[in-house]
Protein chains: 2
Amino acid sequence: MTAIKESSTIQENKQYALEKCPVTFVMEKIGGYWKPIILYHLSTGDKRYSELKRAIPAVTEKMLIQHLKQLEADGLVIREAKPVVPPFVTYRLSNAGTGLLPVIDAMASWAFKMKDGVYNI
Amino acid sequence: MTAIKESSTIQENKQYALEKCPVTFVMEKIGGYWKPIILYHLSTGDKRYSELKRAIPAVTEKMLIQHLKQLEADGLVIREAKPVVPPFVTYRLSNAGTGLLPVIDAMASWAFKMKDGVYNI
DNA sequence: CATAATACATACTTTAGGGTAAGTACTTGT
DNA sequence: ACAAGTACTTACCCTAAAGTATGTATTATG
């Protein structure tokens with residue numbers, strides 16, 4: 001899963017930022033290109049892997065599972081696989097993932113205010 | 001300011017995500033390693049360049065001005081330079097930058113809940 | 001005369017993340 | 001016999017962002 005070099009300055013700084021800054025902690029979790037979009041699609045209910053794929057046509061399969069795996073490892077989404085063939089796998093938000101929704105809302109609200117020029121005085 | 005290649009898939013996808021996803025829009029603005037930390041330090045009042053530098057020892061000068069310039073270009077911080085020698089430059093949050101504070105708060109709140117294990121059920 | 005302090009700038013290198021393309025295992029339908 | 005659908009995996013490439021190192025202009029101060 002994309003090996004990282006143990007002793008780069010960039011990793012040390014990430015550590016620094018993760019400890020010093022809760023915002024960086026959050027961004028570590030939802031900072032991938034597709035993660036917010038995935039979370040958004042899961043916010044309306046659980047989805048199969050292939051449903052997500054169809055819902056986000058621009059994402060490649062590699063990116064999709066990679067991010068899903070990371071979200072799962074971070075405890076934001078829960079994967080459930082039925083042992084059938086063809087496979088039947090669903091993803092849904094965990095409690096932690098659901099807890100992120102207010103953050104997402106705050107971000108969206110700011111973004112729309114920006115686009116509406118609310119802050120131009 | 002770090003020239004970007006016009007026609008890479010990564011840029012196309014960024015465009016897609018920026019239009020489709022307000023969260024990605026926000027992350028474009030505050031997604032650098034040091035941007036949240038800079039914003040945090042400015043949230044308590046305006047600061048000189050050298051004050052920021054001392055407040056965030058781990059950041060290099062290149063990263064610091066690079067992010068400050070981007071934040072300024074995005075309208076989140078305001079730069080004020082007094083025409084004296086040695087230079088006297090202060091940075092402070094704009095209205096838009098101040099508008100981000102609730103987002104920051106929501107993120108921080110979630111991060112602390114995560115660390116306190118609130119979501120472990 | 002040389003050093004310090006301020007607020008940057010700029011050339012070059014490294015790395016994490018994103019993207020491409022192709023393959024896997026298993027079953028059902030034609 | 002072969003394609004199609006499911007949910008992935010793996011090897012390789014490319015780029016944007018981060019980091020390193022050094023240089024700039026101006027004035028005050030020892």
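What you see below is based on every heavy atom in this structure, not just the backbone, and it leaves out hydrogens, waters and symmetry mates.
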Among the nucleotides C/dC8, C/dG18, D/dA7, whichever has the atom closest to the side chain of A/His67 is C/dG18
Picking from C/dA7, D/dT9, C/dA9, which would you name as closest to the side chain of B/Ser50?
C/dA7
Could you check how far [atom1] of [X] sits from [atom2] of [N], rounded to whole Å?
| X | N | atom1 | atom2 | answer |
| --- | --- | --- | --- | --- |
| B/Leu64 | C/dT10 | CG | C1' | 16 Å |
| B/Leu68 | C/dA9 | CG | C1' | 14 Å |
| B/Glu51 | C/dT6 | CD | P | 10 Å |
| B/Glu80 | C/dA7 | CD | P | 14 Å |
| A/Ile65 | C/dG19 | CD1 | C1' | 13 Å |
| A/Gln66 | D/dA7 | CD | C1' | 16 Å |
| B/Lys35 | D/dA18 | NZ | C1' | 13 Å |
| A/Gln70 | D/dC8 | CD | P | 15 Å |

Taking atom NE2 of B/His67 and atom OH of B/Tyr33, what is their separation to the nearest 0.5 Å?
10.0 Å
CZ of B/Arg48 to CG of B/Leu52: how many Å apart, nearest 0.5 Å?
11.0 Å
Most 5' of A/Lys53 and B/Gly31 on DNA chain D, judged by nearest nucleotide:
A/Lys53
Would you say [N] has OP1 or OP2 under 4.0 Å from some side-chain N or O of [X]?
| X | N | answer |
| --- | --- | --- |
| B/Tyr91 | C/dC8 | yes |
| A/Arg79 | D/dC8 | yes |
| A/Arg48 | D/dT6 | no |

Which heavy-atom pair separates [X] from [Y] by the least distance, and what is that distance?
| X | Y | value |
| --- | --- | --- |
| B/Pro36 | A/Cys21 | CB-SG, 3.9 Å |
| A/Val26 | B/Ala111 | CG2-CB, 4.1 Å |
| B/Ala96 | A/Met114 | CB-SD, 3.7 Å |

Go nucleotide by nucleotide along DNA chain C from the 5' end; which of B/Glu61 and A/Gly32 gets its closest nucleotide reached first?
B/Glu61
Output one line per pair: protein atom, nucleotide atom from nucleotides 19-21 of chain D, and distance, for all N/O pairs under 3.5 Å.
from	atom 1	to	atom 2	distance (Å)
D/dG19	OP1	A/Asn13	ND2	2.3
D/dG19	OP2	B/Trp34	NE1	3.1
D/dG19	O3'	A/Thr9	OG1	3.4
D/dG19	N7	B/Lys62	NZ	3.1
D/dG19	O6	B/Lys62	NZ	2.3
D/dT20	OP1	A/Thr9	OG1	3.2

Can you check side-chain contact (heavy atoms from CB on, under 4.5 Å) on A/Val23 and A/Met27, steps first, answer last?
CA-CA 6 Å; A/Val23 178; A/Met27 238 110 62; 3.8 Å; yes
List the steps and the verdict of side chain to side chain donor-acceptor pair (under 3.5 Å) for B/Glu51 and B/Tyr91.
CA-CA 10 Å; B/Glu51 288 182 292; B/Tyr91 291 91; over 6 Å; no
Show your working on side chain to side chain donor-acceptor pair (under 3.5 Å) between A/Thr44 and A/Lys47 and close with a plain yes or no.
CA-CA 9 Å; A/Thr44 55; A/Lys47 294 264 185 320; 3.3 Å; yes
Does NZ or CZ of B/Lys35 fall inside the cone over B/Tyr40's six-membered ring, less than 6.0 Å from its centre and within 45° of the axis?
no
Determine, stepwise, if the pair B/Leu64 / B/Trp34 fulfils side-chain contact (heavy atoms from CB on, under 4.5 Å).
CA-CA 8 Å; B/Leu64 185 53; B/Trp34 305 102; over 6 Å; no
Between the protein and nucleotides 26-30 of chain C, list every N/O to N/O distance that falls short of 3.5 Å.
none

